[in-house]
Structures are given as C-alpha cells and as structure tokens.
There are 2 protein chains.
Amino acid sequence: MKNAISRPSERRPVERVRSARATERRASILDRASEIFGQKGYGRTTLDDIAGAVGVKREAIYYYFDHKLDILCEIITPESKRLVEDLAAIMRRHDVSPRDRLAMAVRNHMSGFNPDFLQLAVVLRELDGQDDDGRVSEIRRLWRAYQESWIDLVREGQQAGCFAGHLDPRLTAFSILGMCNAPSTWFQPSGERSMEELVETLVTVTLNGVAP
Amino acid sequence: MKNAISRPSERRPVERVRSARATERRASILDRASEIFGQKGYGRTTLDDIAGAVGVKREAIYYYFDHKLDILCEIITPESKRLVEDLAAIMRRHDVSPRDRLAMAVRNHMSGFNPDFLQLAVVLRELDGQDDDGRVSEIRRLWRAYQESWIDLVREGQQAGCFAGHLDPRLTAFSILGMCNAPSTWFQPSGERSMEELVETLVTVTLNGVAP
DNA sequence: GAACATTTTTACACGGACGTAAAATCTGGA
DNA sequence: TCCAGATTTTACGTCCGTGTAAAAATGTTC
C-alpha cells in the first residue's frame, strides 16, 4: 500500500479534506509544524510534537498528510519559490546599483525568516543522502538556483567595481548566506534585540564586508 | 576518571584500556567519530557508522566508551578548551590593534575547523534541552565563555574607534561566528577552493564588515 | 602450551518513532 | 432524529538505534 506500484511517493495524496474546519486544521498543522521544525530541526521533531501543539493525537495527522516529510515539503516549497523569484526580480533591477541590490537581497532573505525560523539551508542539509523522492529534489533544485543567483549578484558587483574584486564570488556569497542563516540557531525575537536590528546589522556587515 | 564522584552518568567509566593496541583503537574510534559527526551531525550518526569506519562490530565500541555521548564529549571538550584559551590569549595581546586581534580570532576559530569539520555550535545545538548531565553542560559553559570573549572583542574594538560603533556587539559577534561556522554545511576541502582561500575570505569580509 | 587478561562478538532486551487499519465519534443535512 | 460522510482515536506492527550480558576469540606471560 505504501509505494506499491511505482516510483517513491507516487500515490495520490490524501485529498479528503472537505469541510472548512478541516481546512483550518490542516493549516494549523502546517503552522505548528513550521514553528517546531524551526526550533528543533526536522529530524528531532516528532509527529507527536506537532500533534501535541495542534491538540490532537499523533495519528490524526495522517488524515491530512501521508508522511512526515510531506508536511515539511508543503511548508518549504512555496517559501523556496518565493525566495528564488524575489531574488530573480531583484537581479533584473538594472536601475539599482549592485550595492543596493545586495542590500535588497539580504533583506529579502531575512524576510522569510520571521516568524518561524525555518531555514532552508539547514533543513535541506538534514535530508542529505536519503530522501531523494522528487519533492525533496525539487526543493534542492530551487535552493541551488537561489545560491547561483547570489553568486551572480556578487560577481556582477565585482565586475561593476562596486565589490572587492579579489574575493571568490562563491566563497563570498556562501559566507554571506551562512551569516544570514545562522540566526536560526541563536536569535530570539523575544530577546533584547529586534528582528529589525538584526537585519540592519546583517546588511551593514555584508555591504561593508564586500566593499573594495 | 572522568567525572567520577558526582552527578548523572555516575558509574565509573570503562578504564580497562591497557595495551598499546587498545590505545590506538580508542584513538581511532575518536578520529572516525569526529569525521562522521562532522559530516552527518551527532544525532544522525549511529554507532554502527563509527564501528563500520573503525572496522569492528558496533558493540565493540562499548568496550572503550559507555555511551555514544561520551565519545562526542571526549572529542569536543579539549577542542573547546583550546579555542577558549587561545581566544583569551589573543584578548590579552594589548600590543595588537583590535583590528588585528579580530583577524587573529577568525583565524584561530577556523584553525579548529580542519580536518574534521566538527562545529561546536552546530553540535551543541543538537543537544539542546536533553542531555544535561555535567559533561555536556561543561561544554556549554566553555562555549558561552567563548561567545562572551567574542562580544568583548567587538566591544573593545568599538570603544577604540576601530569598529563601527552603531552595531550591537552581540549581534555583530554572533553574525561573524555564524558566518565562520557555516562552512561546515557546505565547504569541501577537496573542492576548487582551498581552506586558505576560505579563511582569507572570512577575514576580509569580517574586517571590512565591522569597519567604521 | 597453559593459565590468565584483554578484546571482540553473539544474542538479546528495551524504547522511540513512523506508519496502517479498523473502530469510534462527531457533524451537518434530509 | 437519524444517517452518511468526515474526522479522530484505539490498537497494532515494524524498524532502527542504544545499551547489557555473557560467550567466544585473541593475545600475553611464564
């Protein structure tokens, strides 16, 4: 019954949802899961954690999702697409200087950060090596495209003479992304410093960091 | 021998190791474990992985270590101490400018990076909430001290007028550390760019990043 | 080479987490 | 109110990973 006939996760998803209440519940599952994945990571989050936060027994989750991984993918995929598309839009803004585009890219990246801290790069890493069943590989593809855009952003800035030319674009882009992703491991929006301050710090350090 | 008298993990560890061969094997376990923890993280590494890499059955590991966690602690604790002490030594170098000290701090941080990519911050996060049994909390204490030193480093540089004064020292220090830790998720020493290039990129971006 | 200590393996107990199936409960409409 | 479908729960089954205990194998010393 699981993956009976063909490819992995081939079978049609559970599309039994009818009532408005059920739609809400489904959304609630995604919301809670998003929070908890963000806090503990995918691997260390159990369906019991999610079910508990939603207020049902673990098995009730299976009425809405066939697999734990499906929940993750349904959260991450749209988020990833938005990130990629927004960055692509920024890249097309030839009226804006590379420097300003870089600032926009950082802000865009961080905009997906709040409120649930779900960091693609971190979660993606967790899935390495195993669950290559289409959904995951699409996310991976999106994330790769995103990284490539970042590298292009750095390279173009260098060619325009706005950024330090002696830095390797890939190392530089990945360093910036790494810095922007790291807050998922330590930043508390309830802490002394606000999200806005964090973003401004990241923008400042990034812009200064790549200056010629 | 380890923390013999007190808290959890009360029973005395296996101190049966006598022969030179056994000492080598023990070291080999630590080496392999270090590599694999670095690649897959602590939680996703099984004793079978380690045993396989060493070339014995999983259970043989228990002759040398009582718990999986003991292996991690024995790897991480000395590494952590070194990091903390080295940074403290850098902080005492009042003959060196804050700017140069920051560069030294980055290089010191990255020196513990090769060859096994065991990133304290990342692994520590994995242990959150659960295994507070003395050994882990000591490591956490060391890591906190390390972070505090970093914050001091930034603050002193600001007070000396060498770094941008409007940045929050904690956000800044954590951003830099995050950037320096991130390579554990993507850097391949066998890739096109060398460790030296990576470190120089990080130093450059950091020093520029905090410039006034 | 025989007794003894050291090291490794075999065999097993246990718990945690995912996933399935069917029974039970709830809800809205006729 | 009663029924049919929607939703949740109860009850299992299974796999995987840690850890224990005792037997087997290996090495060492006299």
Side-chain angles (χ1 to χ4, degrees), chain A residues 1-4 8-29 32-33 36-37 40-73 126-127 129-131 133 136, chain B residues 8-30 32-33 36-37 40-73 126-127 129-131 133 135-136:
Chain A
M1 177 54 104
K2 206 174 303 180
N3 32 15
S9 90
E10 177 72 69
R11 84 187 156 305
R12 134 187 52 237
V14 257
E15 26 182 272
R16 321 173 205 179
V17 175
R18 315 282 154 86
S19 78
R21 230 179 73 258
T23 307
E24 271 178 45
R25 173 127 292 177
R26 194 186 153 87
S28 154
I29 292 171
R32 302 301 169 196
I36 306 177
F37 285 154
K40 322 206 321 183
Y42 175 74
R44 288 174 52 207
T45 300
T46 69
L47 287 176
D48 251 327
D49 294 334
I50 299 170
V54 171
V56 294
K57 296 273 180 206
R58 178 178 61 83
E59 287 85 350
I61 304 286
Y62 287 100
Y63 183 72
Y64 301 93
F65 301 92
D66 283 338
H67 301 282
K68 184 185 172 189
L69 187 57
D70 292 336
I71 302 176
L72 181 70
C73 290
E126 274 191 80
L127 269 40
Q130 30 203 30
D131 315 276
D133 66 345
V136 175
Chain B
S9 87
E10 177 75 70
R11 84 182 158 307
R12 134 187 52 237
V14 257
E15 26 182 273
R16 320 175 206 180
V17 175
R18 315 281 154 89
S19 77
R21 227 179 78 258
T23 306
E24 270 178 46
R25 175 129 289 180
R26 195 185 152 87
S28 155
I29 292 171
L30 289 171
R32 300 302 169 197
I36 305 175
F37 285 154
K40 323 205 324 181
Y42 175 73
R44 288 174 52 207
T45 300
T46 69
L47 286 177
D48 251 327
D49 294 334
I50 300 170
V54 171
V56 293
K57 295 272 179 207
R58 178 179 62 83
E59 289 84 348
I61 303 285
Y62 286 100
Y63 183 73
Y64 300 93
F65 300 92
D66 283 338
H67 301 283
K68 184 186 172 190
L69 187 57
D70 292 336
I71 302 176
L72 181 69
C73 290
E126 273 191 81
L127 269 39
Q130 30 202 30
D131 316 276
D133 67 343
R135 293 158 304 178
V136 175

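Convention: sequence-line order gives letters A, B, ...; per-chain numbering from 1.
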Report task. Figure out the CZ/P separation between B:Arg26 and C:dT6, and round it to whole Å. Result -> 15 Å
Requested in this report: Establish whether the base of C:dA22 is bridged to the side chain of A:Glu59 by a donor-acceptor pair shorter than 3.5 Å.
Outcome: no
Requested in this report: Answer whether the closest heavy-atom distance between the side chains of A:Ile29 and A:Val56 falls below 4.5 Å.
Outcome: no
Query raised in the report: At under 4.0 Å, does any side-chain N or O of A:Ser19 touch on OP1 or OP2 of D:dT7?
Result: yes
Report summary line: Contacts of B:Thr45 and A:Ile61 projected onto DNA chain D by closest heavy atom; the upstream (5') one is A:Ile61
Query - Note, A:Lys68 side chain near A:Ile61 side chain (heavy atom, < 4.5 Å) - result: no
Report summary line: Taking D:dT10, C:dT8, D:dT8 as options, the one with an atom nearest any side-chain atom of A:Ala60 is D:dT8
**Report entry** Distance, rounded to the nearest Å, where B:Arg44 contributes CZ and D:dC16 contributes C1'
**Finding:** 15 Å
Query raised in the report: Are the side chains of B:Ile71 and B:Phe37 in touch, meaning some heavy atoms are under 4.5 Å apart?
Result: yes
Report task. Mind calculating the distance between CZ (B:Arg21) and P (C:dA5) to the nearest angstrom? Result -> 17 Å
Requested in this report: Write down the distance between CD1 (A:Ile71) and C1' (C:dG19), rounded to a whole number of angstrom.
Outcome: 12 Å
Report task. Determine: side-chain N/O of A:Tyr62 to OP1/OP2 of C:dG19, distance under 4.0 Å, yes or no. Result -> yes
Report summary line: In whole angstroms, the gap separating P of D:dC16 from NZ of B:Lys68 amounts to 16 Å
Query raised in the report: Taking OP1 and OP2 of D:dT7, is either one under 4.0 Å from a side-chain nitrogen or oxygen of A:Tyr63?
Result: yes
Query raised in the report: Toward the 5' end of DNA chain C, which comes first, B:Gly55 or B:Arg58, by nearest nucleotide?
Result: B:Gly55
Requested in this report: Grab the CD1-C1' distance between A:Ile50 and C:dG19 for me, whole Å please.
Outcome: 14 Å
Report summary line: To the nearest angstrom, the CG-C1' distance between B:Asp48 and D:dG19 comes to 13 Å
Query raised in the report: Any side-chain N or O of A:His67 under 4.0 Å from OP1/OP2 of C:dG19?
Result: yes
**Report entry** Exercise: identify the closest heavy-atom pair between A:Ile50 and A:Thr45
**Finding:** CG1-CG2, 4.0 Å
Report task. Report yes if some heavy atom in the side chain of A:Tyr63 is under 4.5 Å from a heavy atom in the side chain of A:Arg25; otherwise report no. Result -> no
**Report entry** Touch class at under 4.0 angstrom, heavy-atom based, for A:Arg25 against every strand present
**Finding:** sugar-phosphate
Query raised in the report: Which residue lies toward the 5' end of DNA chain D, B:Leu47 or A:Ala20, if each is placed at its nearest nucleotide?
Result: A:Ala20
Report summary line: A:Lys57 atom NZ is separated from C:dA17 atom P, nearest whole Å, by 16 Å
